[in-house]
Undergrad: 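Before anything else, here's the structure in question.
Every chain is numbered from 1 and lettered A, B, ... according to where its sequence line falls, protein lines coming before strand lines. Values in this document were obtained by computation on a predicted structure and should not be read as measured data.
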Amino acid sequence: MIPSRKGEESVEIASVGQALRTGYNATIVFTLVIMVLIALSIYLTVRGVLKPKIRRLPGIDAIDEAIGRATELRRPVHFCMGQSGISGSVALAALAVLRYTARKCAEMKSRLIFSFAAASVNTVAADLIKQAYIEGNYPEGYRPEDIRWLSERQFAYSAGVLGLVLREKPAANLFFGFFMGEALLFAESGYRVGAIQIAGTTMSIVVPFFVVSCDYTLISEEMIIAGTYISQEPHQLGTIQAQDYMRLIGLTILGIGCVLTPLGIKFLYDILGV
Amino acid sequence: MEIGETLSILVASAMTLALMSYLWRENTVYRIFEHAFIGAAAGWGAISTAQVTWTNYLEPSLKTSWLWYLTIPVGLMYLFFFSKKYFWLYRYPIALSIGSGLGVSFFRTMKTSFIEQLRGLMIIKDWQGVLLVVGTITALFYFYATREHTGPFRYVSETGTWFLMIGFGAQVGTAVMARISLFIARANFLLSEPAYYMIPVALVLLAIGVYRDYRKKLIETQVL
Amino acid sequence: MATETAGTRKSVWDRLQDIDPKIIYGIMLIAVFLPLIRPLGVPIGNINPEVTNLYNYLNSLPAGSIIVHDCEISPIYMAECYPCFVAFLNEHVQRSFKVIMFTQDTTALPAIEKGITEVYGKTKDHPNYGKTFVNLGFLPGSTLGLNAFAADNLFPVLDAYGNKLADMQFFKEMADKSARSWRLVVGYGSGGVGYLVQQITDVYPNCKTSSGTAAVAIPSHYAYYPNKIIGFLGGLTGAAQFEYLIGKPGIAIAGMDAQSLASLAIAVLIVVGNVAYFAARRTKAVRGG
Amino acid sequence: MSLMFKRYVPWGILVAMTSMVAADTIIVQTDLNNMIKSATTALSIIGSFAVMVSVILLTRSHAGKIRKNKLAVESWTLLGCMWVMIIYGLYRFIFAGVRPIAEPTIQYIFNAIVAPGDSTVYALLYFVIASACYRAFRAKNMRSLILLIVGIVFIIGRAPIGQLLYVGMPDLANWILNVPGAAMVKALLLAEVISSFALNIRVLLGQERGWMGRGD
């Protein structure tokens with residue numbers, strides 16, 4: 001028991017008798033229901049009872065087309081993961097898209113250059129790409145020197161990516177991961193060498209810059225959906241299924257509420273705020 | 001204005017102009033000043049956090065009960081981050097901080113950013129309220145993953161895209177506004193007394209740099 | 001994609017698109033320095049509704065109401081948020097409100113000192129310090145620390161200068177030493193103020209939220225505006241309009257001409273860039289390139 | 001047995017901490033609230049030790065650079081500025097009792113190096129965004145066309161000059177923020193709450209172990 005600091009009068013609570021803080025009853029019930037729903041949905045998917053089918057995003061077709069074009073023009077494909085590390089949903093999705101891209105490059109006998117900023121990504125990405133090249137039966141295509149750790153600092157690493165793109169002249173630029181202001185520098189670099197650019201990030205401040213400068217952009221959560229579509233990993237499939245259930249509940253409550261409340265039946269509006 | 005203050009303003013304006021030299025090209029002056037500010041910022045963060053934590057929290061608490069001494073070893077467990085063998089001890093303080101962070105916003109995020117949002121949308125005063133609800137529902141549906149967006153759903157998702165794009169247009173507009181204000185503040189500072197003395201110095205250095213680049217390019221072309 | 005294949009002669013449109021970035025940097029330098037050296041005098045124009053709503057809400061508060069500032073004004077946000085902070089403090093002095101200031105980012109501590117000195121003249125040895133305004137300095141523990149401070153205002157025990165909070169007249173006069181007696185909490189920085197609505201306004205309903213935010217976070221305010229966030233100052237433009245409303249023109253208004261010219265320059269750059277892009281594509285199509 | 005202390009006990013601490021603090025946010029009960037208040041003070045103290053990790057990481061990586069190349073001026077500058085700030089700051093506080101915020105020399109260093117450094121590097125984005133606006137922002141499809149048109153209306157509308165060009169421009173910009181802009185922000189907020197809540201549940205269930213870092 002951590003001792004409370006003596007010599008300090010406790011805050012006199014206006015209504016000590018009432019145990020629950022006002023306005024949170026509906027929230028507590030709703031949160032507990034959602035918790036059970038998420039846990040159950042993941043459990044059932046892992047057990048194979050639930051088989052969620054994730055829709056194929058147009059962004060993934062764009063990746064296939066970009067790698068095909070790179071192979072025709074005999075120019076490399078450049079994949080950049082930005083400042084993202086190796087943990088968290090954004091990193092997992094970015095690594096899944098990287099595995100997919102490396103596998104496609106191996107199958108089409110195309111060269112892949114991978115650049116990143118967070119040092120922790122180095123070992124994880126290296127053996128992920130090597131594995132993909134072996135599976136795509138083009139093991140001799142894997143070149144360790146094409147895995148480029150540029151720098152931990154935002155401006156230094158973005159200057160590094162700019163230089164790399166101008167020198168190597170890739171036919172396809174793929175940006176999947178965590179980006180900040182430097183997204184603008186990359187948009188310009190791809191334009192100068194005439195590369196197809198596909199991007200995906202969850203930072204809503206950065207997404208618009210990718211939308212206006214790239215050929216295709218996966219917006220916020222679409223990137224995580226794409227990662228799960230590729231990896232087909234049971235836990236992630238269960239999570240996406242749970243998220244869609246929660247989205248459905250939210251949309252239904254909103255739909256009913258927006259029909260009833262303007263008509264004066266404020267039952268749902270009041271009970272949610274109790 | 002004392003000597004110390006004038007000196008610090010002159011160094012600050014030299015710092016600003018050196019970092020602006022990045023626009024010409026990335027050069028050693030830029031890299032040195034950038035490393036100086038990363039080091040100084042880390043140093044400032046360390047001493048001000050340590051001083052405030054000691055003065056305002058640790059010292060007064062130690063006076064009340066000896067149990068507070070336990071916080072020091074638990075805090076030092078962060079250092080196991082650097083050990084190969086005992087790395088897992090680093091997870092104890094991390095578990096405390098992540099757990100408390102998760103707990104404090106567990107119910108409050110659900111209330112403020114989910115339920116209150118839905119309740120707020122239910123109050124529809126005029127056609128703009130209807131448009132707001134339609135926009136939110138369609139934009140939220142755009143992220144629906146476990147169902148193909150075909151048939152009627154394609155139109156719902158397409159409308160959602162329109163609302164997202166208009167919103168992102170506003171995002172680009174405000175981002176541009178923000179960047180302009182950032183540079184206006186730097187320009188104001190450079191034009192203020194005594195900072196503007198450094199501007200001629202920077203222009204001279206720039207001229208020398210550009211001239212040296214030009215001469216190097218000339219030599220290269222003649223050599224080829 | 002304007003791919004440079006050796007065969008096609010570069011049309012004027014291709015050359016227009018590939019001008020050296022340093023020319024654009026030159027244009028943008030002039031667009032800011034020119035109006036600062038020789039102001040154009042563009043009128044400030046009408047006041048945005050969110051600034052007027054904030055002003056009206058503050059006018060509706062009685063003298064002595066408590067306003068709390070969570071000053072996340074690190075050097076990056078000095079340009080946009082510091083003018084808002086100074087405008088807020090000037091208004092609070094005019095309306096004789098009681099003010100508490102703190103931050104959860106150590107690099108923002110100098111900004112608080114600078115703001116207090118600029119508006120009140122002195123910090124801890126000001127006659128009203130501890131009576132009408134208090135600077136708590138750095139409050140650690142991020143959201144958890146903020147939550148504990150809102151529940152019990154004596155949680156930080158000492159202020160930024162080592163004085164005990166319990167001995168201050170400011171807190172002695174507070175009947176309920178929690179966020180229930182606050183009327184407004186103001187946030188800064190560019191992360192949006194959702195966390196203040198979550199931890200303060202929804203838990204203590206009579207304390208509304210506002211902000212002197214960086215412009216990049218303006219859209220995110222509209223998730224809670226106008227019922228939870230009653231109004232806010234959006235970037236330098238918001239600060240300039242508020243300075244105009246309270247009749248104390250400052251650094252924000254001075255920057256407005258440069259803001260206008262630079263905005264116009266960037267808008268023109270986007271249009272010219274796209275015109276050149278589509279014209280280049282058409283000439284290539286016509287030339288069968 | 002060792003897996004118990006390496007993985008399950010830290011996970012147990014996380015779950016216990018989450019439930020206690022979450023209970024405190026919804027239950028109004030003096031003993032619980034006071035206990036969590038003391039726990040907050042303890043966690044603030046423990047949390048401040050994390051600063052040491054970042055200082056040591058920076059020192060190790062730049063000391064490595066110096067070992068490789070004696071003349072790494074940048075690394076010497078970084079380590080010099082950092083350790084001068086720390087040692088001088090601690091010395092002045094421990095022996096003279098002067099706080100870093102009130103110590104004149106440290107304030108000069110902060111105002112001379114940290115403040116201009118941070119704000120100038122971000123101000124450079126002004127030039128980068130202008131160049132990107134001209135050379136990379138292209139209306140290639142319907143999506144980017146809408147985005148660019150609204151962006152231009154916004155860039156001019158929110159600046160004082162907007163009113164001179166077209167009287168209705170500021171009102172149009174405000175309407176965009178209030179209705180379509182608000183719809184986007186609310187939808188993204190709901191989507192973000194849904195995905196972060198699902199991730200939090202996976203952390204609490206022990207399935208998401210990214211926070212544990214490397215090792216088993």
Side-chain angles (χ1 to χ4, degrees), chain B residues 20 23-25 37 41 44-53 55-57 59-61 97 100-105 107-113 115-117 119-120 123 132 136 167-191 199, chain C residues 21-22 25 28-29 31-33 36-37 75-76 78-80 82-83 106-107 109 136-144 146-147 156-160 162 190 194-195 197-199 201-203 214-219 223-224 227-228 234-237 251-252 254-255 258-259 262-263 266-267:
Chain B
M20 277 172 65
L23 297 175
W24 167 44
R25 62 174 169 77
F37 107 74
W44 166 260
I47 45 159
S48 45
T49 311
Q51 182 266 316
V52 170
T53 310
T55 321
N56 287 31
Y57 293 89
E59 200 182 14
S61 306
S97 70
S100 54
L102 261 179
V104 82
S105 59
F107 291 112
R108 288 185 176 168
T109 307
M110 192 58 81
K111 174 178 169 71
T112 303
S113 306
I115 292 180
E116 286 300 313
Q117 288 297 324
R119 292 182 69 221
I123 303 161
L132 185 62
T136 310
F168 283 140
Q171 188 72 62
V172 167
T174 46
V176 165
M177 246 178 69
R179 299 306 189 266
I180 295 172
S181 320
L182 287 175
F183 186 70
I184 288 173
R186 284 294 90 199
N188 263 331
F189 167 71
L190 284 176
L191 293 175
I199 295 179
Chain C
K22 294 187 180 55
Y25 299 156
M28 300 320 288
L29 269 172
V32 166
F33 275 96
L36 288 179
I37 296 164
I76 304 168
M78 262 318 249
E80 295 183 277
Y82 181 73
T106 53
T107 59
L109 289 168
L136 301 179
F138 177 63
L139 178 69
S142 85
T143 319
L144 200 62
L146 176 68
N147 174 39
V157 183
L158 304 175
D159 73 351
S190 79
Y195 73 101
V197 179
Q198 254 179 48
Q199 299 296 335
T201 298
D202 266 358
V203 182
V216 75
I218 288 175
Y224 304 103
N227 33 32
K228 296 284 169 62
L236 205 58
T237 333
I251 33 178
Q259 185 91 22
S263 305
I266 286 189

Undergrad: State which residues pass ring pair (Phe, Tyr, Trp, His ring centres under 6.0 Å) with B/F189; sequence neighbours excluded, sorted by chain then number.
TA: none
Undergrad: Just so I know, are the side chains of B/Q171 and C/V216 near enough to count as touching, which here means a heavy-atom distance under 4.5 Å?
TA: yes
Undergrad: Got a second to check how far C/F138's CZ is from B/N56's CG, nearest 0.5 Å?
TA: 10.0 Å
Undergrad: Answer yes or no: is there a side-chain heavy-atom contact under 4.5 Å between C/F33 and B/L191?
TA: yes
Undergrad: Begin with the C-alpha distance, continue with both residues' side-chain angles, and end with the deciding distance and a verdict on side-chain hydrogen bond (donor to acceptor under 3.5 Å, both in side chains) for B/S113 and C/Y224.
TA: CA-CA 9 Å; B/S113 306; C/Y224 304 103; 3.1 Å; yes
Undergrad: So which of C/I218, C/D159, C/N147, C/I266 has the largest heavy-atom pair count under 4.5 angstrom toward chain B?
TA: C/N147
Undergrad: Decide yes or no for B/Y57 and C/P140: does some side-chain heavy atom of the first lie under 4.5 Å from some side-chain heavy atom of the second?
TA: yes
Undergrad: Please classify the contact of B/I184 with chain C as side chain, backbone, both or neither, using a heavy-atom distance under 4.5 Å.
TA: both
Undergrad: Are C/L36 and B/N188 packed together at the side-chain level, in the sense that at least one heavy-atom pair is separated by less than 4.5 angstrom?
TA: yes
Undergrad: Under a 4.5 Å cut-off applied to non-hydrogen side-chain atoms, are C/N227 and B/R119 in contact?
TA: no
Undergrad: Taking atom CZ of B/R179 and atom CE of C/M28, what is their separation to the nearest 0.5 Å?
TA: 13.5 Å
Undergrad: Considering only heavy atoms and a distance below 4.5 Å, find which of C/L158, C/T106, C/T143 pairs most often with chain B.
TA: C/T106
Undergrad: Which one, B/T49, B/T55, B/T109, leads in non-hydrogen pairs under 4.5 Å with chain C?
TA: B/T109
Undergrad: Given side-chain hydrogen bond (donor to acceptor under 3.5 Å, both in side chains), test C/Q198 with B/S105 step by step and report yes or no.
TA: CA-CA 8 Å; C/Q198 254 179 48; B/S105 59; 5.1 Å; no
Undergrad: Rounded to the nearest 0.5 Å, what's the gap from CG on C/D202 to CD on B/E116? Could you check?
TA: 5.0 Å
Undergrad: Which region of C/T237, side chain (C-beta onward) or backbone (N, CA, C, O), has a non-hydrogen atom less than 4.5 Å from a non-hydrogen atom of chain B, or is it both or neither?
TA: side chain
Undergrad: Please state whether the side chain, the backbone, both or neither of C/A214 comes within less than 4.5 Å of a heavy atom of chain B.
TA: neither
Undergrad: So for C/Y25, is it side chain, backbone, both, or neither that comes closer than 4.5 Å to the heavy atoms of chain B?
TA: side chain
Undergrad: Between C/V197 and chain B, with a heavy-atom cut-off of 4.5 Å, which part of the residue counts as in contact: side chain, backbone, both or neither?
TA: both
Undergrad: Could you pull out the closest heavy-atom pair between C/G234 and B/M177, with the gap in Å?
TA: O-CE, 4.4 Å
Undergrad: At a heavy-atom separation under 4.5 Å, does C/L144 approach chain B through its side chain, its backbone, both, or neither?
TA: both
Undergrad: Which heavy atom in C/V32 sits nearest to a heavy atom in B/A187, and how many Å separate them?
TA: CG1-CB, 3.7 Å
Undergrad: Within a strict 4.5 Å, meaning less than it, do heavy atoms of the B/V176 and C/S263 side chains meet?
TA: no
Undergrad: Do the side chains of B/V104 and C/Q199 get nearer than 4.5 Å, heavy atoms only?
TA: yes
Undergrad: What residues form a side chain to side chain contact (heavy atoms under 4.5 Å, CB included) with B/S97, not counting sequence neighbours?
TA: B/Y78
Undergrad: Indicate the atoms forming the closest heavy-atom contact of B/L182 with C/A79, along with that distance.
TA: CA-CB, 3.8 Å
Undergrad: Counting heavy-atom pairs under 4.5 Å to chain B, which of C/A267, C/G137, C/A223 comes out on top?
TA: C/A223
Undergrad: Using non-hydrogen atoms and a 4.5 Å limit, figure out which bit of B/M110 sits close to chain C: side chain, backbone, both or neither.
TA: neither
Undergrad: Could you have a look at C/L139, C/T201, C/T107 and say which one has the most heavy-atom pairs with chain B under 4.5 angstrom?
TA: C/T107
